[in-house]
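Here's the structure, in structure tokens; my notes come after.
Keep in mind that the numbers below use all heavy atoms, side chains included, and drop hydrogens, waters and symmetry copies. Lettering of chains follows the sequences in order, A, B, ..., and the numbering in each one begins at 1.
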Protein chains: 2
Amino acid sequence: MAASSLIVKNVCNHITLTPAEQEYFVSLLQPMELKRKQVLLKEGEICRFSAFVTEGCLRGYSVDNNGYEHVLSFAPANWWMADMYSLISQKPGILYIDALEDTSILTLSKIHQQTLYKEVPAFERFFRIITENSLVAYQQRLLDNLSLTAEDRYNSFCKRYPSLINALPSKQVASYIGVTPEFFSKMRNKLLRKQ
Amino acid sequence: MAASSLIVKNVCNHITLTPAEQEYFVSLLQPMELKRKQVLLKEGEICRFSAFVTEGCLRGYSVDNNGYEHVLSFAPANWWMADMYSLISQKPGILYIDALEDTSILTLSKIHQQTLYKEVPAFERFFRIITENSLVAYQQRLLDNLSLTAEDRYNSFCKRYPSLINALPSKQVASYIGVTPEFFSKMRNKLLRKQ
DNA sequence: GGCACGGGTTAATCCAGATTAAGAAAAAAG
DNA sequence: CTTTTTTCTTAATCTGGATTAACCCGTGCC
């Protein structure tokens with residue numbers, strides 16, 4: 001199955017597993033199909049699994065007091081997604097997670113993740129490493145938000161995620177870099193005229 | 001020694017270690033004293049260790065193109081600090097780390113950390129857990145920056161770090177929440193007048 | 001076909017927070 | 001205690017980006 005070979009490859013980028021361990025890992029995963037706009041997790045719910053995207057794209061976002069959405073992260077194919085706060089604490093979360101297009105995922109429940117840690121301790125290492133990488137990305141993004149103009153953040157986004165920039169509705173990119181769709185439109189036209 | 005008992009307690013909050021493992025861990029640490037304003041790491045240098053603060057307070061920050069500083073994190077006693085990007089990749093980093101007051105730290109070199117993972121695999125778990133917690137905090141802070149006004153971010157900071165608010169120069173808090181010292185001063189006076 | 005709806009654009013107006021400048025207060029350093 | 005350096009404050013002005021509102025366009029969908 002193509003989906004599980006993708007996730008095994010993703011894992012084996014960072015740790016080495018025996019064939020038996022690979023098989024065991026895959027046996028803990030639950031495939032799931034999402035339609036465009038289908039909601040996987042709502043604010044206030046407890047996040048009971050991580051999702052690995054094998055096709056399509058997920059979006060994690062929060063909704064503020066004024067009803068505006070703020071995109072925390074996108075997860076295209078080969079990325080992991082969860083409401084980490086809720087997943088760790090098993091308390092009601094703050095994120096919505098939905099599908100920006102028809103999307104296939106493999107879910108790993110919190111319970112299975114914990115048994116996985118016991119059975120195959122190398123997964124402690126795997127999740128440590130991807131969490132570290134994720135942490136670094138969020139630190140950089142925070143610094144970008146503190147120090148760059150919207151224009152520079154947009155350029156930064158284009159460089160870092162060249163494949164996403166044309167795949168996503170610009171509304172979503174605007175939300176990710178932290179501006180309104182109106183301003184985003186104006187800004188992008190200005191940049192186009194420049195070049 | 002009080003310093004090493006503090007760090008052992010910090011670790012044993014999340015994993016259990018035998019006395020021998022504890023002793024081994026402590027043997028890998030190097031104590032270090034920093035004077036107020038002393039710089040531990042500069043932008044462009046490679047970060048070769050994590051620092052655990054036993055007394056005082058460290059600050060991690062970047063300097064933008066206009067020479068303005070942006071505080072990424074504070075590390076008071078009982079916190080860890082590093083330029084994670086550089087520590088992981090062993091490439092030149094983007095952060096400065098300095099001491100806001102006279103500070104005592106225990107350093108764990110990247111090399112020692114790696115042998116520690118081999119000798120005491122539970123440390124994979126420990127660093128996974130504190131990295132996860134850190135990730136969640138940065139995600140929340142990013143969402144705060146995307147969705148809250150400066151005033152709300154200040155209130156949020158006060159709630160989350162009540163002990164830091166009076167210990168730190170307000171200039172530093174201003175930088176952390178992402179406003180200028182001038183605006184911070186104005187804002188705080190407005191809040192005082194309100195109550 | 002018509003029609004509702006979400007996504008994108010444009011333009012006018014508005015405002016949170018930056019910038020600039022200068023002085024006051026506090027705290028290091030000597 | 002004095003000097004120097006930093007930090008903090010106040011006030012005037014300015015601006016990046018938000019808000020509001022209107023319109024356009026594609027694309028389901030009845």
Residues in ring-ring contact (aromatic ring centres under 6.0 Å, His included) contact with B:Y176, at least two apart in sequence or another chain =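 With sequence neighbours excluded, B:Y176 shows a ring-ring contact (aromatic ring centres under 6.0 Å, His included) to B:F74, B:F157, given in chain and number order.
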Would you say A:V71 and A:Y161 are hydrophobically clustered, going by side-chain heavy atoms of ILVMFWY under 4.5 Å?
->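 Yes: a chain of side-chain contacts under 4.5 Å links A:V71 to A:Y161.
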Cluster check A:M84, A:W79: I/L/V/M/F/W/Y, side chain < 4.5 angstrom =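 A:M84 does not cluster with A:W79.
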Show me the donor-acceptor pairs, under 3.5 Å and distance only, between side chains in residues 56-65 of chain A and residues at least two apart or in other chains.
from: A:R59; atom 1: NE; to: A:D98; atom 2: OD1; distance (Å): 3.1
from: A:R59; atom 1: NH1; to: A:E69; atom 2: OE1; distance (Å): 2.8
from: A:R59; atom 1: NH1; to: A:Q172; atom 2: OE1; distance (Å): 2.9
from: A:R59; atom 1: NH2; to: A:D98; atom 2: OD2; distance (Å): 2.7
from: A:D64; atom 1: OD1; to: A:N66; atom 2: N; distance (Å): 2.8
from: A:D64; atom 1: OD1; to: A:G67; atom 2: N; distance (Å): 3.1
from: A:D64; atom 1: OD1; to: A:Y68; atom 2: N; distance (Å): 3.0
from: A:D64; atom 1: OD2; to: A:H70; atom 2: NE2; distance (Å): 2.8

Under the side chain to side chain donor-acceptor pair (under 3.5 Å) test, residues paired with [X] that sit two or more places apart:
X	answer
A:Y154	none
B:E33	B:S104
B:S89	none
A:D144	A:Q140, A:S156

When you compare the protein's N or O atoms with those of nucleotides 23-29 of chain D, which come within less than 3.5 Å of each other, and at what distance?
none

For a quick test of your reading: what N or O donor-acceptor pairs under 3.5 Å do the side chains of residues 35-51 of chain B make, sequence neighbours left out?
from: B:Q38; atom 1: OE1; to: B:K35; atom 2: N; distance (Å): 2.9
from: B:E45; atom 1: OE1; to: B:K42; atom 2: N; distance (Å): 3.1
from: B:R48; atom 1: NH1; to: B:Q90; atom 2: OE1; distance (Å): 3.4

The helix from C:dG1-D:dC30 to C:dG30-D:dC1: angle between its terminal axes, five pairs each, to 10°?
->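 Helix axis angle between the two ends: 50°.
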Is it true that a side-chain atom of A:S27 and a backbone atom of A:Y24 form a donor plus acceptor pair closer than 3.5 Å?
->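 Side chain of A:S27 to backbone of A:Y24: a pair is present.
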So which protein nitrogen or oxygen atoms get under 3.5 Å of nucleotides 7-14 of chain D's nitrogens or oxygens?
from: D:dT7; atom 1: OP2; to: B:K171; atom 2: NZ; distance (Å): 2.8
from: D:dC8; atom 1: OP1; to: B:S170; atom 2: N; distance (Å): 2.9
from: D:dC8; atom 1: OP1; to: B:S170; atom 2: OG; distance (Å): 3.0
from: D:dC8; atom 1: OP2; to: B:S170; atom 2: N; distance (Å): 3.4
from: D:dC8; atom 1: OP2; to: B:S170; atom 2: OG; distance (Å): 3.4
from: D:dC8; atom 1: OP2; to: B:K171; atom 2: N; distance (Å): 2.8
from: D:dC8; atom 1: O5'; to: B:S170; atom 2: OG; distance (Å): 3.4
from: D:dT9; atom 1: OP2; to: B:S185; atom 2: OG; distance (Å): 3.1
from: D:dT9; atom 1: OP2; to: B:R188; atom 2: NH2; distance (Å): 3.1
from: D:dT9; atom 1: O5'; to: B:S185; atom 2: OG; distance (Å): 3.3
from: D:dT10; atom 1: OP2; to: B:N189; atom 2: ND2; distance (Å): 2.2

Supply the atom-to-atom distance B:I130 CD1 to B:N13 CG, rounded to the nearest 0.5 angstrom.
->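 Separation between the atoms: 11.0 Å.
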Going 5' to 3' on DNA chain C, which nucleotide is the first and which the last to come under 4.0 Å of a heavy atom in chain A?
->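 The contact span of chain A on DNA chain C goes from C:dG6 to C:dT10.
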Please tabulate, for side-chain N and O atoms in residues 118-125 of chain A, each donor-acceptor pair with protein atoms closer than 3.5 Å (sequence neighbours left out).
from: A:E124; atom 1: OE1; to: B:R128; atom 2: NE; distance (Å): 2.7
from: A:E124; atom 1: OE1; to: B:R128; atom 2: NH2; distance (Å): 3.0
from: A:E124; atom 1: OE2; to: B:R125; atom 2: NH1; distance (Å): 2.5
from: A:R125; atom 1: NH1; to: B:E124; atom 2: OE2; distance (Å): 2.5

Specify the separation, in whole Å, of atom CG of B:N145 and atom P of D:dG17.
->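 Answer to the nearest Å: 14 Å.
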